[in-house]
**Student:** 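This is the structure I want to talk about, given as structure tokens.
Side-chain atoms are counted along with the backbone in the values below, which use heavy atoms only and exclude waters and symmetry mates.
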Amino acid sequence: MQTSTSQYEYKMLQVPPSIRVNNSNNNAAAEYLQDVVRSTAVNGWEFYRVDSIGVVSEPGCLMSLLGQKSTSTSYYVVTFRKPRN
């Protein structure tokens, strides 16, 4: 089986799961993402996609004994790409 080398290199940036705004701007999330994309594009990176990644954290031994359960958290990752040289 032959494998091919990707024609792109990728970069991922984790962004907050929620943002705080001072007014009732219905477009705040889009503006936030637009700023992230613009600031990264300056270095030649092209926006590719946004993904949600769920992470489960298990409690340590002592906390397990005290009854603490695992916790699940969602993180958001913005993926950028650019052609390999």
Side-chain angles (χ1 to χ4, degrees):
M1 180 174 183
Q2 186 178 13
T3 59
S4 63
T5 304
S6 175
Q7 61 183 341
Y8 294 99
E9 59 181 294
Y10 295 88
K11 175 180 185 172
M12 284 78 168
L13 296 177
Q14 183 175 317
V15 294
S18 58
I19 59 172
R20 186 174 305 275
V21 295
N22 292 332
N23 56 23
S24 60
N25 180 356
N26 292 333
N27 208 32
E31 290 174 2
Y32 177 83
L33 185 56
Q34 184 173 330
D35 289 343
V36 170
V37 170
R38 282 184 178 160
S39 65
T40 306
V42 169
N43 296 317
W45 293 98
E46 170 188 82
F47 170 76
Y48 184 59
R49 66 190 211 191
V50 176
D51 293 297
S52 173
I53 300 173
V55 176
V56 176
S57 300
E58 300 295 336
C61 293
L62 180 59
M63 295 311 288
S64 289
L65 290 172
L66 296 174
Q68 183 177 359
K69 305 290 184 201
S70 59
T71 57
S72 180
T73 306
S74 289
Y75 295 96
Y76 295 91
V77 177
V78 182
T79 303
F80 297 88
R81 69 181 187 178
K82 68 179 174 181
R84 290 191 183 276
N85 293 332

**Student:** Would you say T40's side chain and V37's backbone share a donor-acceptor pair under 3.5 angstrom?
**Tutor:** no
**Student:** Checking E31 now: which residues fulfil side-chain hydrogen bond (donor to acceptor under 3.5 Å, both in side chains) with it, not counting sequence neighbours?
**Tutor:** N25
**Student:** With a 4.5 Å limit on heavy-atom distance, are the side chains of S70 and S57 in contact?
**Tutor:** no
**Student:** Which heavy atom of F80 sits nearest a heavy atom of W45, and at what distance?
**Tutor:** CB-CB, 3.8 Å
**Student:** Do you know which two heavy atoms are closest between Y32 and P16, and how far apart they sit?
**Tutor:** OH-CD, 3.1 Å
**Student:** In the structure I gave you, are the side-chain heavy atoms of V78 and L33 within less than 4.5 Å of one another anywhere?
**Tutor:** yes
**Student:** Just to verify, what does E46 make a salt bridge (charged side-chain N to carboxylate O under 4.0 Å, His left out) with, not counting sequence neighbours?
**Tutor:** R81
**Student:** Does a side-chain heavy-atom distance below 4.5 Å link P17 with Y75?
**Tutor:** no
**Student:** Quick check for you: to the nearest 0.5 Å, what is the distance between M12 atom CE and D51 atom CG?
**Tutor:** 8.0 Å
**Student:** Quick check: closest heavy atoms across Y76 and S52, and the distance to 0.1 Å?
**Tutor:** CE2-CB, 3.6 Å
**Student:** What are the two closest non-hydrogen atoms of G44 and K82, and how far apart are they?
**Tutor:** O-CB, 3.4 Å
